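Just so you know, these numbers use all the heavy atoms, side chains as well, and skip hydrogens, waters and symmetry mates. Since we're looking at a predicted model, the values are computed, not measured.
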Amino acid sequence: MKGLSLFVFDLRFQWRHGFYWVYVFVCTCYWILLRFVPEAYQETTAIVLTFSDPAALGLIMAGGMVLLERDQGVHDPLFVSPVHIREYLLAKAASLSVLSLTAGWVIHMATGSIPENPFAFSAGIVLTSTFMTLLSIGVAARQRTINGFILMVQVYAMPFTLPLFGFLQLWHADLFLVLPTEGTLRLLMSPIGGLSFGSVLYSVCILLIWNFAAYIWAQRSYTRHVLMRVGEEGGMNGEI
């Protein structure tokens, strides 16, 4: 129940700070952009936009939420209660993945087509959003200013954009196979050429592995750089 309460709290926090209105504007801009793209390239453009959307949402908004909560003093009362860091992180990842999934489908529907494998398409969006959210929280926990966060999160995220070169047929490398975003693109590409079971299995597994690694890193970063400071300042420690 605590996890559900945190999930609802995050949804309300996002609504109160205008996250949803921002994404209404963003999706509207994407729809307008796709109207000017030649029909032959609309599918590819939509996939690139859908790929970048959960990444940008998870990276920027998750870190922004953490920094806003810190500035507003949310962490002190939050971790006085028996809240586990696991529940806090998963609630953040889940709430932002809902927004990412909605935006991803809205963007893709602008092309007038439906993915051949809707479940694979949705899994690609959700698992990418959760990975980027956890990565962003790990970065934000280590930063004290928004400028420092924006700079560092781009440094951390840059390597994960490399598979786009392969998707756009600009550069192919075996290195891409170990990156989670290679799995993302394969799942999102299902509208173009379909997916074999092996490709779906690889894509989901590589994303799950990186999600787990990002979760461990975010948990340790948050514990060391946020929770321990809450304990020092208020004499209280959150449960881990």
Side-chain angles (χ1 to χ4, degrees), residues 1-27 30 50-79 81-108 119 121-141 143 146 149-150 153 156-157 160 180 184 187 207-208 210-219 221-223 226-227 230 238-240:
M1 291 300 295
K2 288 183 293 183
L4 179 59
S5 298
L6 285 172
F7 174 75
V8 173
F9 171 83
D10 283 337
L11 292 178
R12 290 175 176 172
F13 187 90
Q14 293 161 20
W15 175 263
R16 187 167 64 249
H17 288 86
F19 285 25
Y20 293 93
W21 292 113
V22 169
Y23 254 74
V24 168
F25 174 75
V26 169
C27 288
Y30 284 164
T50 307
F51 168 83
S52 62
D53 184 78
L57 176 66
L59 284 172
I60 302 302
M61 291 196 174
M65 286 179 67
V66 170
L67 293 173
L68 272 173
E69 289 174 352
R70 178 186 291 166
D71 290 343
Q72 295 177 4
V74 172
H75 293 148
D76 287 15
L78 179 64
F79 290 106
S81 60
V83 172
H84 292 268
I85 185 63
R86 177 186 66 255
E87 295 164 340
Y88 175 84
L89 295 176
L90 294 181
K92 283 280 187 295
S95 63
L96 287 173
S97 69
V98 170
L99 184 53
S100 287
L101 183 61
T102 304
W105 272 95
V106 169
I107 293 167
H108 193 80
F119 295 105
F121 182 81
S122 299
I125 295 175
V126 170
L127 291 175
T128 303
S129 176
T130 55
F131 168 71
M132 292 298 181
T133 296
L134 293 169
L135 177 68
S136 176
I137 291 174
V139 176
Q143 303 301 316
I146 188 65
F149 163 71
I150 292 175
V153 78
Y156 278 88
F160 301 109
T184 302
L187 293 173
L207 280 162
L208 287 174
W210 277 90
N211 265 272
F212 179 74
Y215 168 78
I216 295 299
W217 186 66
Q219 182 187 53
S221 297
Y222 211 85
T223 300
V226 177
L227 292 191
V230 169
E239 288 188 26
I240 307 302

Do the side chains of [Y] and [X] get nearer than 4.5 Å, heavy atoms only?
X      : Y      : answer
Leu135 : Trp217 : yes
Phe13  : Arg16  : yes
Phe212 : Leu208 : no
Leu11  : Tyr20  : yes

Can you see which heavy atom on [X] is nearest to which on [Y], and at what distance?
X      : Y      : answer
Ala140 : Gly63  : CB-CA, 3.7 Å
Ala62  : Ile137 : CB-CG1, 4.2 Å
Ser97  : Val126 : CB-CG1, 4.1 Å
Val153 : Val139 : N-CG1, 3.9 Å
Ile125 : Gly104 : CD1-CA, 3.8 Å
Leu96  : Gln14  : CD2-NE2, 3.7 Å

Inter-residue atom distance [X].[atom1] - [Y].[atom2], 0.5 Å rounding:
X      : Y      : atom1 : atom2 : value
His108 : Ser122 : NE2   : OG    : 10.5 Å
Gln219 : Leu90  : CD    : CG    : 9.5 Å
Met61  : Ser95  : CE    : OG    : 11.0 Å
Tyr215 : Thr133 : OH    : OG1   : 14.5 Å
Ile60  : Ile146 : CD1   : CD1   : 7.5 Å
Tyr88  : Phe7   : OH    : CZ    : 15.0 Å

Taking Ser136 for its side chain and Met132 for its backbone only, find out whether a donor-acceptor pair lies under 3.5 Å. no
Whether the side chain of Ser221 engages the backbone of Ala218 through a donor-acceptor N/O pair (distance < 3.5 Å, no angle test) should be reported. no
Pairs involving residues 123-136, ordered by first then second residue, that meet salt bridge (Lys or Arg N to Asp or Glu O under 4.0 Å) (sequence neighbours left out): none
Just one of Thr184, Asn211, Thr50 clears the side-chain hydrogen bond (donor to acceptor under 3.5 Å, both in side chains) bar with Thr128, so which one? Thr184
Between Leu127 and Phe131, is a side-chain contact (heavy atoms from CB on, under 4.5 Å) present by the stated rule, with each step listed? CA-CA 6 Å; Leu127 291 175; Phe131 168 71; over 6 Å; no
